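Structure record follows, encoded as structure tokens.
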Amino acid sequence: MNHPVLAPGSTDWLPVLVLGGEAAVGCDTHVAVRVQAQVRLVKVRLFTEPIDEEPGPGPSFTTVFEGPISLADGRLVIGDVMGVTRFVSLIGEAGGRPIRVTVDEPGWNAATVDISVGPKLQ
């Protein structure tokens with residue numbers, strides 16, 4: 001990661017998300033997560049539905065965001081807020097999905113981020 005903020009979310013334009021003192025904040029299309037950048041590699045793992053089955057996110061991790069997001073075209077983008085690092089994965093149909101973001105260490109020392117995306121909301 002080149003930037004200390006990871007931004008998983010929709011392929012739509014990334015809105016301005018102010019972290020303040022939080023480890024993560026979200027809106028209806030994106031989540032901004034503090035990570036440790038340019039010190040060591042940041043590992044990001046993506047898990048898709050069903051959200052609560054094994055294997056899954058690290059059990060000792062801390063949930064920093066949980067809520068619904070809207071994926072405009074069914075794809076989830078994972079990258080830094082500057083758009084330098086970017087990974088795109090087709091999750092399914094367009095629409096809202098529950099998302100849970102957990103980290104090994106909340107805040108600037110997060111080196112592993114697990115992103116769980118559940119089934120499409122009705």
Side-chain angles (χ1 to χ4, degrees):
M1 295 289 304
N2 277 337
H3 196 277
V5 179
L6 180 74
S10 179
T11 54
D12 286 347
W13 182 258
L14 176 65
V16 174
L17 296 172
V18 178
L19 282 163
E22 301 295 321
V25 296
C27 66
D28 60 338
T29 59
H30 291 84
V31 179
V33 184
R34 290 185 199 275
V35 296
Q36 187 178 64
Q38 296 186 351
V39 175
R40 61 181 172 169
L41 292 176
V42 175
K43 183 184 349 182
V44 179
R45 299 186 301 177
L46 175 62
F47 301 93
T48 56
E49 55 185 297
I51 202 166
D52 289 320
E53 286 190 8
E54 295 294 328
S60 64
F61 285 22
T62 302
T63 299
V64 292
F65 179 84
E66 188 165 12
I69 64 167
S70 179
L71 302 178
D73 58 5
R75 294 183 296 164
L76 179 73
V77 175
I78 302 170
D80 62 46
V81 294
M82 301 301 290
V84 174
T85 306
R86 183 178 160 111
F87 169 80
V88 181
S89 180
L90 178 63
I91 301 297
E93 296 178 26
R97 291 181 178 267
I99 187 171
R100 180 185 309 137
V101 179
T102 59
V103 297
D104 58 344
E105 267 189 76
W108 297 119
N109 291 321
T112 304
V113 180
D114 286 351
I115 301 169
S116 301
V117 182
K120 184 177 176 187
L121 299 172
Q122 301 301 327

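Because the structure is a prediction, the values reported are computed rather than measured.
Cluster membership check: V44 shares its hydrophobic cluster with F65, using side-chain heavy-atom separations under 4.5 Å among Ile, Leu, Val, Met, Phe, Trp and Tyr. V25 and V5 fall within a single hydrophobic cluster, where Ile, Leu, Val, Met, Phe, Trp and Tyr are joined by side-chain heavy atoms under 4.5 Å apart, directly or via other members.
Atoms CD1 and CD1, on I115 and I78 in that order, are 4.0 Å from each other to the nearest 0.5 Å. Here the straight-line distance linking atom CD of E93 with atom CG of L71 works out to 11.5 Å at 0.5 Å rounding. The OG atom of S116 sits 13.0 Å away from the CZ atom of R97 when rounded to the nearest 0.5 Å. Here the straight-line distance linking atom CE of M82 with atom NE2 of H3 works out to 5.5 Å at 0.5 Å rounding. I91 CD1 to L46 CG: the interatomic distance, rounded to the nearest 0.5 Å, is 5.0 Å.
In this structure, V64 and P106 approach most closely via the heavy-atom pair CG1-CB, 4.2 Å. Nearest heavy-atom pair across A111 and D104 is N-OD1, 3.0 Å. V31 and A24 make their closest contact through CG1-CB, 4.5 Å (heavy atoms, listed as atom of the first residue, atom of the second, distance). Nearest approach of H30 to W13, heavy atoms of both residues: CE1-O, 3.6 Å. Here the shortest heavy-atom pairing between G107 and A23 reads N-CB, 3.8 Å.
Each of I69, T48, T11 was compared with L76 under the side chain to side chain contact (heavy atoms under 4.5 Å, CB included) criterion, and only I69 meets it.
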| Can F47 and D114 be said to form a side chain to side chain contact (heavy atoms under 4.5 Å, CB included), step by step? | CA-CA 7 Å; F47 301 93; D114 286 351; 3.8 Å; yes

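For the pair V101/V113, a side-chain contact is recorded, criterion being any heavy-atom separation below 4.5 Å from C-beta on. The shortest distance between side-chain heavy atoms of P4 and R34 does not fall below 4.5 Å.
No hydrogens or angles considered: nothing links the side chains of T29 and D12 as a donor-acceptor pair under 3.5 Å.
Side-chain contacts under 4.5 Å among hydrophobic residues (ILVMFWY), followed directly or transitively, place L121 with no other residue at all.
At least one donor-acceptor pair under 3.5 Å links the side chain of D80 to the backbone N or O of T85. Under the 3.5 Å distance criterion, the side-chain polar atoms of R100 are left unmatched by any main-chain donor or acceptor of E66.
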